[in-house]
Amino acid sequence: ALAGVGCGCGDRAAHDPPARRDDASVRTEAGSNEDPPGTGRVAGRIGAAASAVDPPRGQDPAPGCPSTSSEGSVRVTDGGLADAIVWLRPAPAVAGSATRVPAPLEPADRPASLRECALAPRALVGRVGDTLVLDNDDDRFHAVQLRLLDGGQERPTQTIALAPMEQDVRFTLEQPGLYRLRSPQLPFLRGLLLVLRQDEYAATSHADGSFALGALPAASYDVQVLHERLAPDQTTVDVDAGETAAVTATLAPAPVRSP
């Protein structure tokens, strides 16, 4: 569940979002020259199959929303897929091992905006104890539902209401898991939020599909690659101390479900 911790609506100077940390699990920046002893890295590129296309919005523009022909959810540049989540969890053989549970990170803000009737960014990663910070940059009311994806089902956990131009609405992330964010009024306003446990790691892919994670305890990991509109992929990776392991994936369109 998400717990509300109050609204600082309109209090932030010039409504500037707080500094972002792209990879919620990185203990040292992936581009730094030194990682802690006994840790390694994972880096790679996520792509999309040629059949993966940006879905049409499928309805006339809603009041206060721009007129666009597509959602903007499947963004591909030279074959690289943006807004994919690369999720690392300890393989069963090492899960729960006291030697690989990292020291807790300080809680951080995880900002996102509702802008032109779309979520930006569309893929979010945080940890239990972090704070989701939402800004509504549109001159219209928005509601965002958080729905926990559990065993193929979506379980509603929270609805966040944002008045026109409302800023700095804050909620503490308390329950780990994968959530779908969606608007009950606008089917094209949607995204993913991954809330990590302490021994899990994740990154989101950049516009060219690239991603990087640093300071990972040397171990074997199960890897799942997720996207809000495409079918997931999974693999395993061994991270060795002082080395960078490669992970690549190409996501295909999700199967069409029967009504």
Side-chain angles (χ1 to χ4, degrees), residues 1-10 12 15 17-18 20 52-75 81-85 109-126 130-150 152-175 177-195 204-205 226-232 253-254 256-257 259:
L2 296 176
V5 295
C7 172
C9 307
R12 196 164 66 241
H15 306 317
R20 296 176 184 264
V53 296
D54 198 19
R57 281 201 169 181
Q59 68 177 52
D60 294 332
C65 296
S67 176
T68 60
S69 59
S70 61
E71 285 188 354
S73 57
V74 180
R75 298 192 297 126
L81 177 66
D83 301 320
I85 296 176
D109 286 353
R110 303 296 170 187
S113 298
L114 300 172
R115 186 178 306 133
E116 296 185 344
C117 298
L119 182 69
R122 301 185 76 108
L124 292 154
V125 176
D130 286 354
T131 300
L132 176 65
V133 184
L134 288 175
D135 289 346
N136 182 8
D137 294 336
D138 290 340
D139 192 17
R140 59 157 289 156
F141 172 86
H142 283 302
V144 177
Q145 294 179 341
L146 284 89
R147 306 172 69 90
L148 179 64
L149 301 180
D150 185 9
Q153 303 296 316
E154 293 188 14
R155 179 162 55 87
T157 62
Q158 183 82 32
T159 299
I160 305 171
L162 297 103
M165 305 302 293
E166 185 173 10
Q167 305 285 301
D168 205 39
V169 179
R170 293 172 167 264
F171 292 86
T172 301
L173 305 176
E174 294 185 340
Q175 179 66 38
L178 181 65
Y179 295 81
R180 189 182 304 282
L181 292 84
R182 62 170 33 170
S183 164
Q185 295 89 16
L186 306 173
F188 48 81
L189 198 166
R190 50 191 289 160
L192 289 179
L193 167 66
L194 175 61
V195 182
T204 57
S205 62
L226 306 164
H227 187 272
E228 60 164 309
R229 280 295 196 180
L230 304 179
V256 178
R257 294 185 178 182

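In what follows, residues are counted from 1 in the order of the sequence shown.
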Does the side chain of [Y] come within less than 4.5 Å of [X]'s, by heavy atoms?
X    : Y    : value
H227 : L81  : yes
C65  : L186 : yes
T204 : D83  : no
L162 : Q167 : no
L119 : L114 : yes

If I take atom [atom1] from residue [X] and atom [atom2] from residue [Y], how far apart are they, to the nearest 0.5 angstrom?
X    : Y    : atom1 : atom2 : value
L193 : R180 : CG    : CZ    : 12.0 Å
L124 : L173 : CG    : CG    : 9.5 Å
D137 : C117 : CG    : SG    : 11.5 Å
I160 : F171 : CD1   : CZ    : 4.5 Å

message: Applying salt bridge (charged side-chain N to carboxylate O under 4.0 Å, His left out), can you list everything that pairs with E228, at least two apart in sequence or on another chain?
response: R122, R190
- request: Applying side-chain contact (heavy atoms from CB on, under 4.5 Å), name anything that partners A82, two or more places apart in sequence or on another chain.
  value: R75
Of all heavy-atom pairs between [X] and [Y], which one has the smallest distance, and what is that distance?
X    : Y    : answer
R110 : G126 : NE-CA, 3.9 Å
I85  : A123 : CG1-CB, 3.9 Å
L192 : L181 : C-CD1, 3.5 Å
P111 : P121 : O-CD, 3.9 Å

Would you say [X]'s side chain and [Y]'s backbone share a donor-acceptor pair under 3.5 angstrom?
X    : Y    : value
N136 : E166 : no
S183 : Q185 : yes
D54  : S73  : yes
D130 : D109 : no

For residues 140-148, run the donor-acceptor check on the side chains, cut-off 3.5 Å, and write out each pair with its distance to 0.1 Å, sequence neighbours left out.
unit_1 : atom_1 : unit_2 : atom_2 : d
R140   : NH1    : P63    : O      : 2.8
H142   : NE2    : D138   : OD2    : 2.9
Q145   : OE1    : R147   : NH1    : 3.1
R147   : NE     : E154   : OE1    : 2.9

